[in-house]
Amino acid sequence: LFTKPSAEEFERKVEHLLPRLKKNDVVILAIDSPGGDATSCPHSYRQVERIRNMGHKVISSTEYLAASCAYMLASAANEITVSPGASIGNIGAAMPLRKVQPGNQNYQASTPAKRVLVTGVAETEQERAFVYEELQRLHTFFTGRVEKYRGGKIKDKDTAYSGRKFIAETALELGIADTVIDQQSLFLAYHVSGYHIKKVEVVKPTNAVTKFIDMVVKQLKDSILDLQKGL
């Protein structure tokens with residue numbers, strides 16, 4: 001699920017990867033997610049662009065699901081591959097709203113937009129109009145990101161941008177995917193072609209605080225092991 005922490009983790013992976021990339025290297029992104037926070041995914045999208053801008057080919061590989069903003073991230077790749085039976089798409093925006101709770105109807109705010117954003121309730125016509133306008137703005141932003149790299153490949157944009165998810169074969173027909181292939185077969189194909197498959201791991205920086213926490217955790221583990229031995 002795309003959140004601020006996961007976007008930051010992805011950025012760390014890219015920072016770790018970029019200096020190690022060599023000419024003709026191919027980056028395969030394993031993307032399986034139902035989507036997430038609309039403010040976090042564009043940040044990860046830009047990280048994929050950084051790899052592309054260095055001249056490296058990026059391939060998105062989905063085994064099960066790449067929906068909503070997860071598909072936005074996939075669309076930044078040079079090629080989108082999908083495993084048979086997987087689903088991708090769900091291009092659009094949604095905003096969670098709550099039922100009117102006691103006290104919310106009396107909540108005062110300077111504008112209808114502010115009230116909706118604070119309470120999560122759209123009760124009046126003005127508030128519902130704001131929600132619709134905001135969702136349309138996000139939808140346009142979303143489709144714009146997809147259009148940037150896949151605009152020339154998508155054949156039926158009304159269907160593709162309808163907010164639906166599509167199984168691999170349908171996604172291929174619509175042009176929101178390029179190839180139907182499972183991840184293992186994709187790796188094998190590149191391995192047979194002479195590529196060495198390497199998984200990107202991130203070595204996080206340590207400081208005095210993290211070292212202290214690691215020491216405490218180790219001591220606790222050792223104590224538990226000693227206790228178990230005693231039993």
Side-chain angles (χ1 to χ4, degrees), residues 1-2 5-33 35-36 40-89 91 142-155 157 160 166-205:
L1 190 66
F2 282 91
S6 65
E8 291 173 345
E9 174 69 10
F10 184 63
E11 182 180 9
R12 284 194 291 269
K13 286 182 180 289
V14 173
E15 291 289 352
H16 179 74
L17 172 67
L18 289 179
R20 293 162 175 77
L21 285 176
K22 299 176 182 178
K23 187 178 179 181
N24 298 324
D25 277 354
V26 175
V27 177
I28 299 176
L29 297 177
I31 301 177
D32 278 292
S33 170
S40 300
C41 194
H43 183 76
S44 297
Y45 179 96
R46 291 193 294 272
Q47 304 309 314
V48 180
E49 289 188 308
R50 291 176 66 191
I51 302 172
R52 287 190 61 150
N53 291 339
M54 289 183 65
H56 299 287
K57 183 178 182 179
V58 181
I59 298 177
S60 165
S61 173
T62 295
E63 279 289 274
Y64 303 103
L65 175 67
S68 193
C69 71
Y71 181 77
M72 181 199 292
L73 181 63
S75 73
N78 298 86
E79 182 181 348
I80 296 179
T81 69
V82 192
S83 178
S87 297
I88 63 172
I91 301 169
F142 192 159
T143 55
R145 301 288 76 72
V146 175
E147 280 283 305
K148 185 172 182 180
Y149 295 110
R150 296 207 65 84
K153 297 180 179 181
I154 297 177
K155 298 163 187 174
K157 294 181 182 180
F166 305 98
I167 60 172
E169 290 74 12
T170 304
L172 192 64
E173 293 173 4
L174 288 171
I176 64 173
D178 300 297
T179 309
V180 177
I181 184 173
D182 64 272
Q183 204 168 91
Q184 196 166 9
S185 297
L186 178 66
F187 288 155
L188 180 60
Y190 273 94
H191 179 70
V192 170
S193 299
Y195 285 84
H196 297 286
I197 307 297
K198 295 181 180 179
K199 184 178 179 181
V200 176
E201 298 291 348
V202 178
V203 179
K204 296 181 181 179

task = Enter the distance from L186:CG to T81:OG1 here, rounded to the nearest 0.5 Å.
result = 5.0 Å
ask   = What do the steps show when you test K13 against Q47 for side-chain contact (heavy atoms from CB on, under 4.5 Å), and what is the final call?
value = CA-CA 10 Å; K13 286 182 180 289; Q47 304 309 314; over 6 Å; no
Closest contact, heavy atoms only, A168 versus S83 = CB-O, 3.6 Å
request  = Kindly give the heavy-atom pair with the smallest separation between A30 and Q183, and that separation in Å.
outcome  = CB-NE2, 3.5 Å
Stepwise side-chain contact (heavy atoms from CB on, under 4.5 Å) test for L21 and I51 = CA-CA 9 Å; L21 285 176; I51 302 172; 4.2 Å; yes
inquiry  = Would you compute the distance between atom CZ of R46 and atom SG of C41 and round it to the nearest 0.5 angstrom?
reply    = 10.0 Å
Minimum heavy-atom distance F187-I197, with the two atoms named = O-CD1, 4.0 Å
N/O donor-acceptor pairs under 3.5 Å from side chains in residues 67-78, not counting sequence neighbours:
residue	atom	partner	partner atom	Å
Y71	OH	I176	O	2.7
S75	OG	M72	O	2.6
N78	OD1	V58	N	2.7

key: Test side-chain contact (heavy atoms from CB on, under 4.5 Å) applied to L18 and H56, step by step   = CA-CA 10 Å; L18 289 179; H56 299 287; 5.9 Å; no
message = To check you understand the geometry: which heavy-atom pair defines the closest contact between V82 and A177, and what is its length?
response = CG2-CB, 3.6 Å
ask   = With a 4.0 Å cut-off, would you call R12 and E9 a salt bridge?
value = yes
message = Tell me if the CD atom of Q184 is crowded by more than 12 foreign heavy atoms within 6.0 Å.
response = no
key: Check: V26 main-chain N/O paired with Y195 side-chain donor or acceptor under 3.5 Å   = no
key: Rounded distance [0.5 Å steps], CZ in F2 versus OG in S40   = 9.0 Å
inquiry  = Less than 4.0 angstrom from a charged side-chain N to a carboxylate O is my criterion; do E79 and K153 meet it?
reply    = no
query = Is there a donor-acceptor contact under 3.5 Å from the side chain of R20 to the main chain of H16?
reply = yes
query = With I167, which residues qualify under side chain to side chain contact (heavy atoms under 4.5 Å, CB included), at least two apart?
reply = S87, E169, T170
remark   = Value for OH (Y190) from CD1 (I59), rounded to nearest 0.5 Å, stands at 3.0 Å
query = Run the side-chain contact (heavy atoms from CB on, under 4.5 Å) check on Y149 and E49 step by step: do they pass?
reply = CA-CA 10 Å; Y149 295 110; E49 289 188 308; 2.8 Å; yes
query = Are the side chains of L29 and F10 in touch, meaning some heavy atoms are under 4.5 Å apart?
reply = yes
task = Specify the closest pair of heavy atoms between Y64 and D32, including all atoms of both residues, with the distance to one decimal.
result = N-OD1, 2.6 Å
query = If every non-hydrogen atom of I91 is compared with every non-hydrogen atom of A160, which pair is closest and at what distance?
reply = CD1-O, 3.5 Å
request  = State the CD1-OG distance between I28 and S61, to the nearest 0.5 angstrom.
outcome  = 7.0 Å
